[in-house]
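Remember, it's 1-based here, ligands and their atoms both numbered in the order they're listed. The shown structure was predicted, so the numbers you read here are calculated from the model rather than taken from an experiment.
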Amino acid sequence: MNILMVAAECVPFVKTGGLADVVGTLPKYLKKKGHDVRIIIPKYRTIDGAKFGLESLPYKLSVFVGKEQENFRIKTCMLDGDIPVYFIENLRYFNRLGVYGDDSGIGYGDNRERFIFFSKAAIEATKALLFRPDIIHCHDWHTGLIPAYLKTVNLNDGFFWNTSTVYTIHNIAFQGSFDAASTLPMAGFSWEDYKSDKLEFYNTFNYMKAGLAYTDIISTVSPTYAKEIQGPAGKGMEVVLQTRKNDVFGILNGIDYSYWNPETDKNIVANFSAQDYSNKKLCKTALQEYCGFKQDENTFVIGSVGRFDMQKGFDLIMDVISKVVNQNIQIVILGSGDRYIKDTMLYLKSLYPDKLAVFTEYNEPLAHQIYAGADAFLMPSKFEPCGLSQIIALAYGTIPIVNKTGGLSDTIQDFSTNTLKGNGFVFDFYKGEQLEFAIWRAYDIYKNSFLWNRLISNAFACHYSWSQSVDEYEKMYKVAIDRKIADNIYNKNI
Ligand code: ADP
């Protein structure tokens with residue numbers, strides 16, 4: 001199959017969260033199965049052209065955003081030596097420091113124009129490159145307009161006659177909802193398509209709804225989340241998803257175990273493995289030193305890495321910190337995003353400087369050091385489509401403490417002292433006391449080295465790899481292609 005991924009982020013070029021990990025990793029596994037996979041992302045200013053060896057292609061293209069003609073160029077390089085990545089370069093929209101907004105956590109005022117432009121540019125770039133995809137795989141609201149364009153504005157474009165679309169929801173909380181009166185003409189759609197089963201969404205023009213309404217197949221990143229978003233967790237999209245329930249797939253994300261590998265990780269002070277993790281304690285004392293904590297192997301170190309967003313359970317974390325720091329516990333938190341969370345965490349750190357370390361930045365090496373050096377990993381998300389951080393933590397023998405929601409319930413099972421099964425600590429109700437109780441349970445078990453070592457072995461034994469999920473993606477792409485063939489036959493017959 002010819003598969004084109006279009007997304008706003010992709011590792012190793014640009015990353016704000018798990019979306020980038022998926023877009024940069026799934027293609028490698030599809031490639032191994034013999035598919036021709038390519039990726040299109042924006043060329044943000046922060047993507048270092050020299051470092052990645054970007055080359056300019058000889059096209060000068062343009063699209064309209066409203067009445068403005070926007071020119072763009074395509075740059076390219078190879079991911080992993082054999083996956084072409086194309087970067088859409090336009091100075092007006094992408095030559096800025098942030099991806100979606102500045103560091104205050106507020107989105108750019110022109111995000112609606114930026115992703116109209118990007119969606120149109122991705123379609124034009126595909127044609128210029130003469131890469132005729134069987135599947136265009138779109139990710140999140142930034143690319144929701146692409147399936148809609150292909151079924152409206154570009155409906156009669158023979159280039160895409162055999163192209164099916166798959167639209168993946170990585171987080172339903174971010175939908176790209178805008179005023180219809182100005183956005184519809186700016187995006188170039190006709191008012192005839194502004195109907196409740198198509199572009200209209202509660203009197204707004206919503207990019208995710210556009211994707212969901214027009215795409216051939218919908219997917220999301222875990223089986224549990226696929227069910228949850230058809231109910232109260234759907235953030236308004238539940239009815240749209242219920243109407244298309246036969247087209248909704250839930251496929252668990254994997255992680256790249258060659259990258260997230262404590263045996264070879266260059267960001268940590270000492271390597272270790274599932275068979276011999278004695279060096280994990282060197283990583284722990286190095287982390288304690290970095291945090292300005294007392295270096296003590298016996299102290300229970302809890303780590304957390306994630307976006308500063310209330311979704312990640314920061315209200316519970318803020319609630320619980322003062323209740324647990326009086327024990328032999330140290331907590332290290334790395335995150336960036338929401339200013340309120342950042343300020344509150346820094347305030348808490350000022351209260352407990354010996355027990356709480358807070359780093360308010362995006363810092364890849366430090367993230368590795370936390371995954372490797374902590375004993376437990378805190379991820380009490382209110383909702384979690386899949387979550388990669390808890391899977392990464394398992395790969396480093398670090399025990400997740402999570403709320404039972406979405407992908408967290410698909411990947412983490414509560415440890416039982418009777419059966420000795422389970423790979424973490426799971427609480428059921430989203431409440432501070434529940435999280436606190438889960439931390440106390442973890443702390444108690446940590447003090448029993450037999451039980452804790454058993455838990456570590458259970459964690460290491462878990463493998464959420466793309467080699468399993470890629471087969472499910474392949475099957476889903478085939479369904480999408482069958483739908484498109486049926487559609488073509490049907491449309492030709494009338
Ligand atoms: P989400 O996509 O909702 O942000 P995931 O758990 O799916 O959450 O993915 C988060 C990814 O981003 C993980 O790879 C995590 O290590 C990384 N990450 C998040 N925040 C930071 C940060 N401040 N510094 C380094 N890595 C981070």
Side-chain angles (χ1 to χ4, degrees), residues 7-26 46 98-100 103 105 139-142 168-174 220-222 224-225 233 251-262 265 267-268 287 290 303-314 317 332-339 341-342 345-346 357-374 377-396 398 400-403 405-412 424 464 466 469:
E9 305 178 26
C10 173
V11 287
F13 311 106
V14 52
K15 169 169 166 178
T16 73
L19 166 65
D21 291 297
V22 175
V23 176
T25 313
L26 173 60
T46 47
V99 174
Y100 307 119
D103 63 5
H139 299 264
D140 269 350
W141 74 267
H142 326 103
T168 297
I169 302 167
H170 293 261
N171 192 334
I172 210 156
F174 303 106
T220 187
V221 288
S222 72
T224 299
Y225 195 59
I251 305 177
L252 197 68
N253 285 337
I255 59 164
D256 186 346
Y257 282 94
S258 62
Y259 179 71
W260 296 109
N261 183 353
D265 195 328
N267 293 297
I268 59 181
L287 180 65
Y290 187 81
S304 170
V305 178
R307 280 182 297 115
F308 279 169
D309 187 310
M310 281 303 175
Q311 175 208 331
K312 300 288 177 187
F314 276 99
I317 294 176
V332 47
I333 293 184
L334 167 65
S336 58
D338 183 273
R339 173 142 303 163
I341 297 176
K342 176 178 164 183
M345 294 314 302
L346 288 174
V358 176
F359 300 96
T360 59
E361 62 197 321
Y362 190 92
N363 186 331
E364 188 75 15
L366 180 56
H368 288 243
Q369 286 147 26
I370 294 174
Y371 288 121
F377 190 81
L378 199 54
M379 198 163 170
S381 307
K382 191 177 265 170
F383 65 93
E384 193 59 72
C386 174
L388 296 176
S389 304
Q390 83 282 11
I391 304 179
I392 299 170
L394 292 173
Y396 285 77
T398 302
I401 301 173
V402 306
N403 179 28
T405 182
L408 295 174
S409 37
D410 290 330
T411 51
I412 307 301
Y464 296 105
W466 279 107
S469 302

ask   = Can you find a pair of side-chain heavy atoms, one from Tyr225 and one from Asp410, that are under 4.5 Å apart?
value = no
ask   = What protein heavy atom sits nearest atom 27 (C) of ligand 1, and how far off is it?
value = Tyr362 CE1, 3.4 Å
query = Which is it for Ile392 and ligand 1 at heavy atoms under 4.0 Å: side chain, backbone, both or neither?
reply = side chain
inquiry  = Please compare Phe174, Tyr371, Tyr259 and report which has the shortest non-hydrogen distance to atom 15 (C) of ligand 1.
reply    = Tyr371
query = Testing Ile268, Asp265, Leu287, Val305 for side chain to side chain contact (heavy atoms under 4.5 Å, CB included) with Tyr371, which one passes?
reply = Val305
message = With rounding to the nearest 0.5 angstrom, report the CD1 to CD1 distance, Ile341 to Ile317.
response = 8.5 Å
task = Look at the side chain of Asp309 and the backbone N and O of Gln311, then say whether any donor-acceptor pair between them is shorter than 3.5 Å.
result = yes
query = Should Leu388 be counted as touching ligand 1, given the test is an N or O pair under 3.5 Å?
reply = yes
query = Can you name the nearest heavy-atom pair linking Asn261 to Tyr257, along with the distance?
reply = CB-O, 3.2 Å
key: Residue selection (non-hydrogen contact nearest atom 8 (O) of ligand 1) among His170, Glu364, Lys312   = Lys312
query = For ligand 1, does Ala367 get within less than 4.0 Å through its side chain, its backbone, both, or neither, judged by non-hydrogen atoms?
reply = side chain
message = Rounded at 0.5 Å granularity, tell me how far CZ in Phe314 sits from CG in Leu378.
response = 8.5 Å
ask   = Between Tyr464 and Gln390, is any side-chain donor less than 3.5 angstrom from a side-chain acceptor?
value = no
key: Side chain, backbone, both or neither: the part of Asp21 lying under 4.0 Å from ligand 1 by heavy atom   = side chain
task = Report yes or no: does a heavy atom of Lys15 sit under 4.0 Å from some atom of ligand 1?
result = yes
query = Closest approach of Gly254 and Leu388, non-hydrogen atoms and distance?
reply = O-CD2, 3.6 Å
task = Would you check whether Met379 reaches within less than 4.0 Å of ligand 1, judged by its heavy atoms?
result = yes
task = Determine the sole option in Leu394, Asp21, Val22, Ile391 for which the side chain to side chain contact (heavy atoms under 4.5 Å, CB included) test with Ile255 is passed.
result = Ile391
message = Parallel, tilted or perpendicular: which one describes the rings of His139 and His170, with boundaries at 30° and 60°?
response = tilted
query = Mind checking whether Trp260 and His368 have parallel, tilted or perpendicular rings, split at 30° and 60°?
reply = parallel
message = If we check side chain to side chain contact (heavy atoms under 4.5 Å, CB included) with Ser381, which of these qualifies: Leu408, Asn403, Val402?
response = Leu408
ask   = Which of the atoms in ligand 1, numbered in the order shown and given with their element, are less than 4.0 Å from a heavy-atom of Arg307?
value = 1 (P), 3 (O), 4 (O), 20 (N)
Region of Glu361 engaging ligand 1 - heavy atom pairs below 4.0 Å = backbone
key: Closest protein heavy atom (residue, atom, distance) for atom 9 (O) of ligand 1   = Gly18 N, 3.2 Å
query = Any N or O of Trp260 that comes nearer than 3.5 Å to an N or O of ligand 1?
reply = no
task = State the atoms of ligand 1, each with its element, that fall below the 4.0 Å cut-off from a heavy-atom position in Ser389.
result = 6 (O), 10 (C), 13 (C), 15 (C)
key: atom 24 (N) of ligand 1: the protein heavy-atom neighbour that sits closest, reported with distance to 0.1 Å   = Asn363 N, 3.0 Å
query = Which heavy atom of the protein is the closest neighbour of atom 19 (C) of ligand 1, given with residue, atom name and distance?
reply = Gly306 CA, 3.8 Å
query = Which atoms from ligand 1 have a heavy atom of Val305 less than 4.0 Å away?
reply = 16 (O), 18 (N), 21 (C), 26 (N), 27 (C)
ask   = Does Cys386 come within less than 4.0 angstrom of ligand 1, counting non-hydrogen atoms of the residue?
value = no
Whether Asn171 lies under 4.0 Å from ligand 1, heavy atom = no
